[in-house]
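The structure appears below as structure tokens.
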2 protein chains.
Amino acid sequence: MSRHTIALESPTPERAVEILRKSILGSRTSIIVGRCIVKYRGRAESFLGEGDRVIILKPDGSLLVHKASKREPVNWNPPGSIHRVYLKEGKVIVESIRRRPRETIFIELSEVYFVGSFKLIDEECIMITGTEKDVVDIIFRSPEVIEKGFKPLYREMSTKYGKIDIFGVDEKGRAVVIEVKRRKADLSSVSQLLRYVESVRESTNSPVRGILVAPDCSASARLFLKSHNLEFRKVMFK
Amino acid sequence: MSRHTIALESPTPERAVEILRKSILGSRTSIIVGRCIVKYRGRAESFLGEGDRVIILKPDGSLLVHKASKREPVNWNPPGSIHRVYLKEGKVIVESIRRRPRETIFIELSEVYFVGSFKLIDEECIMITGTEKDVVDIIFRSPEVIEKGFKPLYREMSTKYGKIDIFGVDEKGRAVVIEVKRRKADLSSVSQLLRYVESVRESTNSPVRGILVAPDCSASARLFLKSHNLEFRKVMFK
DNA sequence: CGTGCCAGGTGCCCT
DNA sequence: AGGGCACTTGGCACG
């Protein structure tokens with residue numbers, strides 16, 4: 001009979017390795033708390049000197065190394081990586097290898113404070129609202145938030161230089177390219193819009209308007225918009 | 001005397017709350033494994049139905065909720081958030097509040113499989129090489145990787161529309177704007193370069209060259225470069 | 001697969 | 001605090 005939870009304080013290295021191997025084989029989520037060094041080599045390269053960290057190995061092949069601060073793991077490997085755990089000179093070693101691109105994490109634990117193995121049952125997936133797609137939906141449902149007479153035609157319309165959030169026509173029949181941002185727009189938002197407008201202009205001689213839609217816009221982005229005769233439409237959602 | 005590690009399997013809700021409160025007060029890192037629902041409200045909004053997850057509360061105020069898959073937490077709050085743990089109708093509740101922007105996480109645990117509290121000592125910070133800054137360093141040290149006669153002058157040079165990675169002059173004394181990417185360059189990389197070149201051109205009548213430096217470049221990015229008479233220089237580092 | 005792009009992006013640095 | 005941007009960005013959707 002397989003227990004759903006295994007949790008052990010200050011295990012011997014041998015016992016820790018045993019638990020972790022079973023955990024990996026059994027598609028369980030493993031948690032290690034201990035003192036370790038971490039080496040990474042792949043797209044970049046890193047070294048992390050000795051300190052206490054939380055290490056999580058997920059059954060999908062993700063590996064996380066967390067320090068006591070920050071939202072981000074200090075080291076990691078994404079889903080699909082292969083984990084190996086073994087003993088070397090009396091120390092627990094956790095290795096993670098990702099292929100394409102090849103990336104390796106090497107963790108050497110000088111001390112293991114805790115090791116746990118958990119069978120996590122989770123069929124639910126998160127429901128999010130307030131995303132950019134929701135804003136686009138609003139505009140398609142109520143085009144007047146852009147301006148009177150605006151007709152949205154396509155969403156995610158592909159051009160030579162990227163995909164247009166919303167393509168439509170205004171009251172006077174002019175082409176309108178809309179780039180939507182769910183947060184404050186910045187220089188790169190304007191660059192995007194500019195790329196799409198340029199792309200559409202390459203394929204027509206008719207006038208093409210470009211409108212950046214966002215709850216706010218940085219000062220320099222506004223300047224950049226103006227210098228290219230692009231427009232900004234403030235749209236507060238939520 | 002305060003123990004550095006507290007780990008408890010299947011604690012009663014009362015005991016779990018007690019341990020977690022002490023953990024938060026004592027600037028320790030807390031780990032909860034249990035069955036829960038998660039509600040989030042802030043920049044966006046989300047709901048996550050009942051399932052088994054790993055919850056981490058860090059002493060800097062970060063909160064992470066991890067599912068059994070993916071590198072990313074399904075819900076979180078960044079450093080600086082305030083955590084509260086209490087009992088409600090016999091269930092353990094974990095709440096996290098961030099101000100500016102106001103964001104709240106509400107976790108209701110129907111079952112706690114494990115709770116742990118750890119004093120993590122960690123003075124080390126990660127050393128990373130192979131970053132963009134390293135590539136810029138290489139170019140300053142060996143400007144000939146760009147081309148014979150190139151002279152880099154400034155890095156991170158501010159313009160109206162953003163900061164130029166490297167500004168310099170070529171053999172013939174023409175201004176050169178360089179945008180560096182440590183990985184394959186895409187449309188947005190070209191847009192950036194274009195913005196900077198445009199910005200420099202606004203302040204001079206002399207010719208201004210723009211060079212995108214990267215290990216590779218997407219096909220459409222290449223087209224976009226060409227259409228604006230910008231150049232691509234392949235630079236493999238590492 | 002590569003390409004493009006959003007993300008509750010996060011984190012860093014500078015003004 | 002706001003701006004600009006890199007990140008081992010991650011993750012997804014689409015051709």
Side-chain angles (χ1 to χ4, degrees), chain A residues 40-46 62-63 65 69-79 81 98 100-105 126 128-136 156 158-165 179-189 191-192 195-196 216-221 224 238, chain B residues 40-46 62 69-79 98 100-105 126 128-136 156 158-165 179-189 191-192 195-196 216-222 224 238:
Chain A
Y40 154 76
R41 200 170 153 76
R43 285 170 291 179
E45 214 167 323
S46 75
S62 319
L63 167 78
V65 182
S69 61
K70 295 294 149 72
R71 199 208 83 137
E72 292 301 301
V74 62
N75 282 111
W76 72 90
N77 241 357
S81 310
R98 169 198 199 179
R100 213 151 49 254
R102 184 167 185 89
E103 300 196 282
T104 57
I105 307 275
I126 194 166
I128 305 181
T129 58
T131 178
E132 187 192 280
K133 190 187 168 301
D134 295 317
V135 182
V136 173
E156 297 291 303
S158 279
T159 75
K160 233 168 124 179
Y161 303 138
K163 292 191 292 189
I164 297 172
D165 279 340
E179 171 62 26
V180 176
K181 287 294 165 219
R182 67 173 302 287
R183 51 175 182 163
K184 191 174 205 170
D186 56 16
L187 287 170
S188 77
S189 316
S191 275
Q192 256 186 78
R195 240 157 58 208
Y196 307 147
D216 197 2
C217 183
S218 77
S220 49
F224 192 32
K238 139 196 146 55
Chain B
Y40 154 76
R41 201 172 153 76
R43 285 169 291 179
E45 213 165 327
S46 76
S62 319
S69 60
K70 296 293 151 70
R71 198 208 81 137
E72 292 302 301
V74 62
N75 281 110
W76 72 91
N77 241 355
R98 170 197 200 181
R100 208 152 44 256
R102 184 168 185 90
E103 299 196 281
T104 57
I105 308 276
I126 194 167
I128 305 182
T129 58
T131 178
E132 188 192 280
K133 190 185 169 300
D134 294 315
V135 182
V136 173
E156 299 289 303
S158 279
T159 75
K160 230 168 126 179
Y161 302 138
K163 292 189 292 188
I164 297 172
D165 279 340
E179 172 61 26
V180 176
K181 287 293 165 221
R182 67 176 300 287
R183 52 174 183 168
K184 191 173 204 170
D186 56 16
L187 286 170
S188 75
S189 315
S191 275
Q192 257 186 77
R195 241 157 56 210
Y196 308 146
D216 198 1
C217 183
S218 78
S220 48
R222 254 174 236 270
F224 192 32
K238 140 188 143 50

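Side chains included, hydrogens not; waters and symmetry mates left out as well; all remaining heavy atoms used. Residue numbering restarts at 1 for every chain, and letters A, B, ... go by the order of the sequence lines.
- For dC6(C), one of the phosphate oxygens OP1 or OP2 lies less than 4.0 angstrom from a side-chain nitrogen or oxygen of Q192(A).
- Taken to the nearest 0.5 Å, the NZ atom of K181(B) stands 14.5 Å off from the CG atom of D216(B).
- Atoms CZ (F224(B)) and P (dG4(C)) sit 11 Å apart, rounded to a whole Å.
- We find that CG of D216(A) is positioned 7 Å from P of dG3(D), with the value rounded to whole Å.
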Spell out protein contact along nucleotides 7-15 of chain D as letters: B when the base is contacted, S when just the sugar-phosphate is, - when no protein heavy atom is under 4.0 Å; keep the 5' to 3' order.
SBBSSS---

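- The distance from atom OG of S191(B) to atom CZ of F224(B), rounded to the nearest 0.5 Å, is 4.5 Å.
- In this structure, Y161(A) does not reach the dC5(C) phosphate: none of its side-chain N or O atoms is under 4.0 Å from OP1 or OP2.
- With a 4.5 Å cut-off on side-chain heavy atoms, K133(A) and E156(A) do not count as touching.
- Inspection of the T131(B) and D134(B) side chains reveals no N or O donor paired with an N or O acceptor under 3.5 Å.
- Of the two residues contacting DNA chain D, namely R100(B) and K181(B), the nearest-nucleotide position lying further toward the 5' end is that of R100(B).
- A distance of 8.5 Å separates CZ in R195(A) from CD in E179(A), rounded to the nearest 0.5 Å.
- Here K184(A) reaches the OP1 or OP2 of dG3(D): one of its side-chain N or O atoms lies under 4.0 Å away.
- Atom P of dG11(C) sits at a distance of 16 Å from the matching atom of dG11(D), rounded to the whole Å.
- Although no hydrogens or angles enter the test, the distance criterion places a donor-acceptor pair under 3.5 Å between the side chain of R182(B) and the main chain of G130(B).
- D186(A) comes within 4.0 angstrom of nothing in the nucleic acid, heavy atoms only.
- Of the C1' atoms belonging to dG9(C) and dC5(C), the separation is 12 Å, rounded to the nearest Å.
- Looking at heavy-atom distances under 4.0 Å, R195(A) makes contact with sugar-phosphate atoms alone, never a base.
- In terms of modelled atom types and a separation under 3.5 Å, the side chain of E103(B) and the main chain of Y40(B) share no donor-acceptor contact.
- In this structure, R222(B) atom CZ and dG4(C) atom P are separated by 12 Å, rounded to whole Å.
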